[in-house]
Amino acid sequence: MSCGVCIQTRNEGASRKQTTEKNRPTIRLNIIAVPKDVAAQHVRRPLVEYYESENNYRSARYYDEIVGPSIEDKLDRLTFVCQHLDDQFMTGDDDATHLALQLCDNDSSSVGIPAMTIDRAMATGNILYPMSSAWNPMFSVLYDPYATQAYEAAISQPTFVSLSTSGTIDTSAAALQASVSGEVAGGVMPQGEQPCLTVYLMEKDVFSDSQLFWTDEEKEERQGEYTHANVIRDILCNAEPIAAEGAFTWNTTFADPDPLWNTESLYLVAFVHRDGQKGGKFMHVFNSAEGQISDVTGIEGLATSKENGRNIYDLSGRNIYDLSGRKVSASSATSVLPKGVYI
């Protein structure tokens, strides 16, 4: 359920006579409350994002020495993504920089790397971590024990969204199929607001030796090969609105993956969140999911012959569908199926 709260405050240094209805500031809050019976039906998986760049040596160092060890034993309960700014791993027109600015309401002085967000909403003040700037969802790298406290606090937050994601890749046809399905409990989203779906194509453990350094001394000491654990290779779905209540599905075909990518290390990340149209403090992630991508080359065991290099399948007594749910039609008991993924 969503409810509005109006809080009126008074300047404590002014007398009651000086404080009038006209000069009394008003703060309006919109609270998204998840009923206990709804929360019990959904498992929470927070989204942790780490902002880094090969143009900033400290971000890679902080990940290796601080961030990575603190999340290692929690990866089955957290979705972890590295947002790369202004380097070879960035997506689009430096999407991560635009995202960081959006989170900070376009206040560039609040954007710095390395940095982190948890569900694009959790301030470090939630765990008594000292802050030196105004509240925003981005904060400096969390050290343990603060990191563990923050992750556990995020995991314990209730949610009203469930989702799962999976994919298949046909390396012979150079095509990847990705799908997401889930459910949004009714009566929770603020009236007139739709949740959004974002889907990332990810690659694990990408090696690079192009890290820049601040000084020659650091370069001499630290140069070498770095492992980037969670690289966004493409944004398959970017804040696409979904229904505010009920089940939802999404699927796409991604053609011609970059041959430099390791297809065996690709996977999917999907999350449901607010659209942020009201500002950086309204970009909450409600839930996230990770999904594996399996290698599929086609239907086995049905081929009867070949025609011009294409398999002719015996479809008698069988229903064959593509991943969009369309039934494969056949004019007779046999049909020619192009390369692709079928069920």
Heavy-atom closest pair, residues [X] and [Y]:
X	Y	value
V180	L163	CG1-CD1, 4.3 Å
L197	A270	CD1-CB, 4.4 Å
S70	D144	CB-OD2, 3.7 Å
P257	A175	CD-N, 4.4 Å
D94	L85	OD1-CA, 3.5 Å
L236	A178	CD1-CB, 4.0 Å

Shared hydrophobic cluster for [X] and [Y] (ILVMFWY, side-chain gaps under 4.5 Å):
X	Y	answer
Y62	V231	no
I155	L47	no
I169	V199	yes
V111	L99	no
V269	Y151	no

Modelled atom types, side-chain donor and acceptor of [X] and [Y], under 3.5 Å:
X	Y	answer
N56	Y51	no
H42	T159	no
Q211	E54	no
S166	Q292	no

Do [X] and [Y] come close enough that some side-chain heavy atom pair is under 4.5 Å?
X	Y	answer
R120	E49	yes
I118	L142	yes
M138	C104	yes
L201	W261	yes
Q177	N251	no
P114	Y50	yes
V38	P35	yes
D119	H284	no

With rounding to the nearest 0.5 angstrom, report the [atom1] to [atom2] distance, [X] to [Y].
X	Y	atom1	atom2	answer
N230	S265	CG	OG	11.5 Å
D95	D234	CG	CG	9.0 Å
F248	S162	CZ	OG	8.5 Å
S288	L78	OG	CG	8.0 Å
D170	T253	CG	OG1	11.0 Å
M202	Y267	CE	OH	3.5 Å

Test T117 against Q83 for side chain to side chain contact (heavy atoms under 4.5 Å, CB included), laying out the working first. CA-CA 10 Å; T117 62; Q83 296 280 357; over 6 Å; no
Give a yes or no on whether the backbone of [Y] and the side-chain of [X] come within a donor-acceptor separation of less than 3.5 Å.
X	Y	answer
S156	A153	yes
S59	I113	no
T227	A229	no

Salt bridge (Lys or Arg N to Asp or Glu O under 4.0 Å) assessment of R45 paired with E290: CA-CA 9 Å; R45 187 183 177 98; E290 284 190 14; 3.7 Å; yes
If the plane angle is over 60° it's perpendicular, under 30° parallel, otherwise tilted; pick one for Y226 and F213.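 Ring orientation of Y226 relative to F213: tilted.
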Restricting to pairs with a member in residues 89-110, which pass ring-ring contact (aromatic ring centres under 6.0 Å, His included), not counting sequence neighbours?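 For residues 89-110, and leaving out neighbouring residues, the ring-ring contact (aromatic ring centres under 6.0 Å, His included) pairs sorted by first residue read H84-F89, F89-H228.
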Sequence neighbours excluded, every pair satisfying ring-ring contact (aromatic ring centres under 6.0 Å, His included) that has a member inside residues 175-204: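 Qualifying pairs, neighbours excluded: Y200-F271.
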Just do the side chain to side chain contact (heavy atoms under 4.5 Å, CB included) check on E152 and K74 with the steps written out, would you? CA-CA 9 Å; E152 294 295 341; K74 304 175 185 66; 4.3 Å; yes
Could you walk me through whether Q194 and D275 pass the side chain to side chain contact (heavy atoms under 4.5 Å, CB included) test, one step at a time? CA-CA 8 Å; Q194 285 183 274; D275 59 21; over 6 Å; no
Salt bridge (Lys or Arg N to Asp or Glu O under 4.0 Å), that's the test. Do D105 and K278 meet it? Break it down for me. CA-CA 10 Å; D105 292 322; K278 296 180 180 179; over 6 Å; no
Evaluate ring pair (Phe, Tyr, Trp, His ring centres under 6.0 Å) for F286 paired with F160, printing each intermediate quantity in order. CA-CA 7 Å; F286 298 123; F160 59 101; 4.9 Å; yes
Which residue in the set E52, E65, E218 passes salt bridge (Lys or Arg N to Asp or Glu O under 4.0 Å) when paired with R58?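 In the set E52, E65, E218, the residue that makes a salt bridge (Lys or Arg N to Asp or Glu O under 4.0 Å) with R58 is E218.
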In sequence, state the C-alpha distance, the side-chain angles, and the governing distance for D295 and T263, and then conclude on side chain to side chain contact (heavy atoms under 4.5 Å, CB included). CA-CA 9 Å; D295 187 5; T263 56; over 6 Å; no
